[in-house]
4 protein chains.
Amino acid sequence: MAPVTPQSLSPRKRPRQARAAATVDAIYEATIQVLLSDGPQRLTTTRVAERAGVSVGTMYQYFPQKRALIHALNERYLDILAERIEATCRQQHGASAGMMVVALIETYWQAKTERPEVTRALYRSVADLDNSALIESFAQRVDSATTQMLESASDSCFQDLALVNRTLVTTIFGAVRNAFERQLADQEAAGIMQQLALMCRAYIEAVSAPR
Amino acid sequence: MAPVTPQSLSPRKRPRQARAAATVDAIYEATIQVLLSDGPQRLTTTRVAERAGVSVGTMYQYFPQKRALIHALNERYLDILAERIEATCRQQHGASAGMMVVALIETYWQAKTERPEVTRALYRSVADLDNSALIESFAQRVDSATTQMLESASDSCFQDLALVNRTLVTTIFGAVRNAFERQLADQEAAGIMQQLALMCRAYIEAVSAPR
Amino acid sequence: MAPVTPQSLSPRKRPRQARAAATVDAIYEATIQVLLSDGPQRLTTTRVAERAGVSVGTMYQYFPQKRALIHALNERYLDILAERIEATCRQQHGASAGMMVVALIETYWQAKTERPEVTRALYRSVADLDNSALIESFAQRVDSATTQMLESASDSCFQDLALVNRTLVTTIFGAVRNAFERQLADQEAAGIMQQLALMCRAYIEAVSAPR
Amino acid sequence: MAPVTPQSLSPRKRPRQARAAATVDAIYEATIQVLLSDGPQRLTTTRVAERAGVSVGTMYQYFPQKRALIHALNERYLDILAERIEATCRQQHGASAGMMVVALIETYWQAKTERPEVTRALYRSVADLDNSALIESFAQRVDSATTQMLESASDSCFQDLALVNRTLVTTIFGAVRNAFERQLADQEAAGIMQQLALMCRAYIEAVSAPR
DNA sequence: AATGAATGAGAGTTCATTCAT
DNA sequence: TATGAATGAACTCTCATTCAT
């Protein structure tokens with residue numbers, strides 16, 4: 001497999017010192033701020049540097065190209081998201097399959113809606129970036145975590161776990177994203193999330209044998 | 001309801017003559033071509049005009065801003081998509097609910113994968129466009145068509161049709177898009193689509209009373 | 001002397017028919033309107049034609065270049081202005097010199113302030129036009145008219161009439177224009193106009209012998 | 001009082017280093033050169049930058065818009081002009097009123113005719129700029145300087161100094177400008193300037209009481 | 001005679017990136 | 001090492017003018 005992050009997009013140096021880490025974080029935060037206030041079109045290196053309180057030159061020390069910055073930002077976002085999903089999976093280890101899907105839905109919905117504008121801004125920022133490797137890597141982490149979780153279900157046992165897993169993940173993540181993007185009222189969204197859980201449970205019922 | 005397309009984004013003039021209509025179509029096609037070959041970043045007004053074989057000036061006669069072009073392109077895409085979905089819904093009128101969801105999945109998947117690169121290109125093109133009004137309008141057309149379809153189901157009757165409908169649409173469209181974006185192998189994708197149908201049927205079973 | 005209006009700037013055809021004259025007038029008026037509402041920078045041929053209710057093509061029949069239009073507009077303005085001054089001069093024939101300067105000041109001030117915005121707009125429109133020939137021609141008409149008038153003064157007789165005349169004209173027109181451009185309050189302006197008359201009379205007193 | 005120069009028209013950054021100051025001066029001089037050789041219509045940012053020997057980008061660092069450049073240029077011109085007039089007024093402090101007007105006429109005429117083409121070019125450059133605030137500010141500086149001067153006249157004392165002052169300033173500046181713009185032969189112009197002085201003295205005589 | 005679609009050079013402006021300080 | 005002035009290619013958009021209809 002090709003490395004997820006090509007050399008040209010990786011930070012020039014890993015931040016070894018605390019100061020450097022703080023700088024990088026400031027740059028990330030500034031990028032999000034600019035994205036939110038000015039939109040992806042007006043996301044310029046100068047603006048980000050200014051907002052972050054560093055000079056462009058310094059920024060180029062950490063991110064050799066503008067695209068590297070956006071790439072890193074998304075990498076970080078997906079990393080955190082994957083970690084949260086993994087945590088949920090670990091936590092639901094051994095629970096009933098029904099509990100699992102509910103927890104998964106809840107986690108993903110939560111992650112998206114905590115800072116909805118940031119979520120949206122990040123989506124828009126990658127428009128001209130080939131982030132498929134990033135996405136693929138994220139998907140594999142999730143796949144692996146959810147597979148392990150489902151395997152441990154206390155009440156169900158699946159013939160073709162890989163397929164069931166992929167179906168559930170695709171459906172849940174797809175539906176949640178869709179609901180999120182339609183900007184529905186909170187209550188409406190909650191209703192759909194509930195129905196989504198119901199649907200997943202009905203599916204599990206249909207494809208699993210009792211353990 | 002506010003108009004879907006603000007004045008600033010609507011074509012300056014409707015093509016009255018056949019020649020003008022051909023010009024507009026050439027511009028649309030050129031936009032897609034440039035999007036495919038050069039990416040959204042390199043989608044420039046000059047490049048589009050050149051590829052379309054017209055002058056920039058002419059292009060600006062029909063699209064007063066670059067964004068208007070992208071907006072119109074997406075509007076057209078969503079329009080065609082909505083029509084196809086409506087056609088499917090009409091066709092499935094009176095069928096069983098299970099047939100309906102299969103047809104819906106099939107139609108949407110088909111629409112996305114016929115020219116997958118175009119689909120992807122269009123998604124990327126809207127990065128700095130507020131297309132939420134467009135999306136909303138599309139969603140309402142779909143909602144209305146699928147609701148009418150489900151109402152006519154020969155074998156099922158739903159207590160809260162609106163909720164069921166929205167859940168199904170959100171799930172199907174979300175899952176299909178997600179599967180599409182992961183660029184799975186054909187067979188894998190087909191497998192998931194099948195499972196998705198199964199899942200929807202299980203859900204329908206669970207929430208409907210026999211007619 | 002070179003002709004005031006070079007061939008390249010003269011209307012392609014003299015309006016012989018009433019309809020054509022109406023068209024030309026509509027174009028003039030439209031030019032002023034656009035100048036007022038959009039400024040000289042946004043004074044475009046298309047905009048003028050549209051406002052005048054004719055096509056660009058038709059406009060180019062009458063004015064072969066954009067500069068020809070502006071040139072003609074200014075020519076017309078100066079023509080009307082010269083006529084008014086000549087009328088005043090004729091009217092004051094045989095009056096006292098004091099009356100004459102008052103009438104001159106009054107006429108010029110009146111002409112400028114009747115439609116102050118139009119006056120200003122016209123000034124701005126000529127920025128990149130060599131209108132010195134136009135100005136010169138206007139100046140000569142005025143010179144000639146005022147000289148004749150002053151010659152007939154009932155109470156004064158000048159040794160060097162040409163010099164006195166040029167001094168008075170230069171001073172009056174310069175002062176009035178200056179006062180106009182400073183956009184003083186009406187009363188203030190009126191005060192200065194009165195003082196200007198006083199000044200001119202004092203000058204006449206100083207340089208004339210009683211008749 | 002509102003600031004004379006709106007933020008949008010003020011230089012983006014003040015030149016801090018000697019090099020930057022030189023750059024700004026080069027840009028000013030280049031603007032005048034282009035104005036002289038190409039006319040206001042062909043005064044483009046690229047041309048100015050090229051002539052100044054800097055890149056457009058650099059120019060935009062100091063002048064955020066083309067209009068800002070023209071505005072600054074005029075501001076500078078009026079500033080220098082006001083300073084010269086103030087110097088003359090200081091120098092004539094305590095002189096006779098007759099001397100004063102002569103000095104004023106002389107100074108203004110001198111300023112205009114030293115580099116007549118530059119003067120003309122600057123006038124034309126402001127066509128689509130609202131420089132009334134600039135003009136107003138200039139006028140007030142002049143008013144104040146001339147008022148102080150006239151107050152100190154050794155031989156005259158005015159009942160309504162403000163009115164006399166404004167009349168003199170309006171007349172002198174208007175007449176000088178008018179004479180300048182007519183491009184009279186040197187001798188002719190000199191003759192009129194002399195008569196203008198005479199006229200002003202006659203006026204002063206008429207409206208002042210001996211001290 | 002009148003129209004207005006088409007042209008395309010050229011305008012103002014931005015911004016990723018470099019490099020002397 | 002950090003800075004931010006300088007660069008200039010590339011962008012979006014305009015508009016005087018032409019000419020097929």
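Given the structure is predicted, the values throughout are model-derived calculations rather than measurements. Numbers restart at 1 for each chain; the letters A, B, ... are given by sequence-line order, proteins then strands. When reading the values below, keep in mind they use all heavy atoms of this one structure, side chains included, and skip hydrogens, waters and symmetry mates.
- The interatomic distance linking B/L69 (CG) with F/dC13 (P) rounds to 11 Å, in whole Å.
- One atom, CD of B/E50, and another, P of E/dT7, lie 13 Å apart when rounded to the nearest Å.
- Looking only at distances, no side-chain donor or acceptor of A/S137 sits under 3.5 Å from a matching main-chain atom of A/A133.
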For this session: Would you sort out whether C/L69 and C/M59 count as a side-chain contact (heavy atoms from CB on, under 4.5 Å), showing the intermediate values?
Result: CA-CA 9 Å; C/L69 170 60; C/M59 220 183 79; 4.0 Å; yes
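- If you check E/dA1 for Watson-Crick or wobble pairing at under 3.5 angstrom, you find it has no partner at all.
- With a cut-off of 3.5 Å on both pairing distances, the Watson-Crick or G-U wobble partner of E/dA20 is F/dT3.
- Judged purely by atom type and a 3.5 angstrom limit, C/R47 uses its side chain to pair as donor or acceptor with the backbone of C/R42.
- For D/R47, the listed nucleotide lying nearest its side chain is E/dA11; candidates were E/dA16, F/dT7, E/dA11.
- Counting to the nearest Å, the C1' atom of F/dT12 and the CZ atom of B/F63 are 16 Å from each other.
- Summarising the geometry, the separation between CE on B/M59 and C1' on F/dT14 is reported as 13 Å, rounded to the nearest angstrom.
- With rounding to whole Å, A/Q41 atom CD is found 8 Å from E/dC15 atom P.
- The distance between atom OH of C/Y60 and atom P of F/dA20, rounded to the nearest whole Å, is 17 Å.
- Toward the 5′ end of DNA chain E lies the nearest nucleotide of C/G53, the other residue of the pair C/G53 and A/R42 mapping further downstream.
- In this structure, C/K66 places its NZ atom 11 Å from C1' of F/dT14, rounding to the nearest Å.
- OP1 or OP2 of E/dA6 sits under 4.0 Å from a side-chain N or O of B/Y62.
- At a threshold of 4.0 angstrom between heavy atoms, the contacts of B/L43 are confined to the sugar-phosphate backbone, with no base atom among them.
- In this structure, C/T58 and D/V56 both approach DNA chain E, and ranking their closest nucleotides by distance from the 5' end singles out C/T58.
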Exercise. Should C/R51 and C/S37 be marked as a side-chain hydrogen bond (donor to acceptor under 3.5 Å, both in side chains) after you check the CA-CA gap, both sets of side-chain angles, and the distance that decides it?
Worked result: CA-CA 11 Å; C/R51 184 87 69 125; C/S37 60; 2.8 Å; yes
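- As judged by a 4.0 angstrom heavy-atom cut-off over every strand, C/T45 is placed among the base-contacting residues.
- Among the nucleotides F/dA16, E/dA6, F/dA6, the one closest to the side chain of B/S55 is E/dA6.
- In this structure, the CD atom of A/Q65 is 10 Å from the C1' atom of E/dA16, given to the nearest Å.
- Between E/dT7, F/dA2, F/dT17, one nucleotide has an atom nearer to the side chain of A/Q61 than all others, and that is F/dA2.
- A/Q33 CD: more than 12 foreign heavy atoms inside a 6.0 Å radius.
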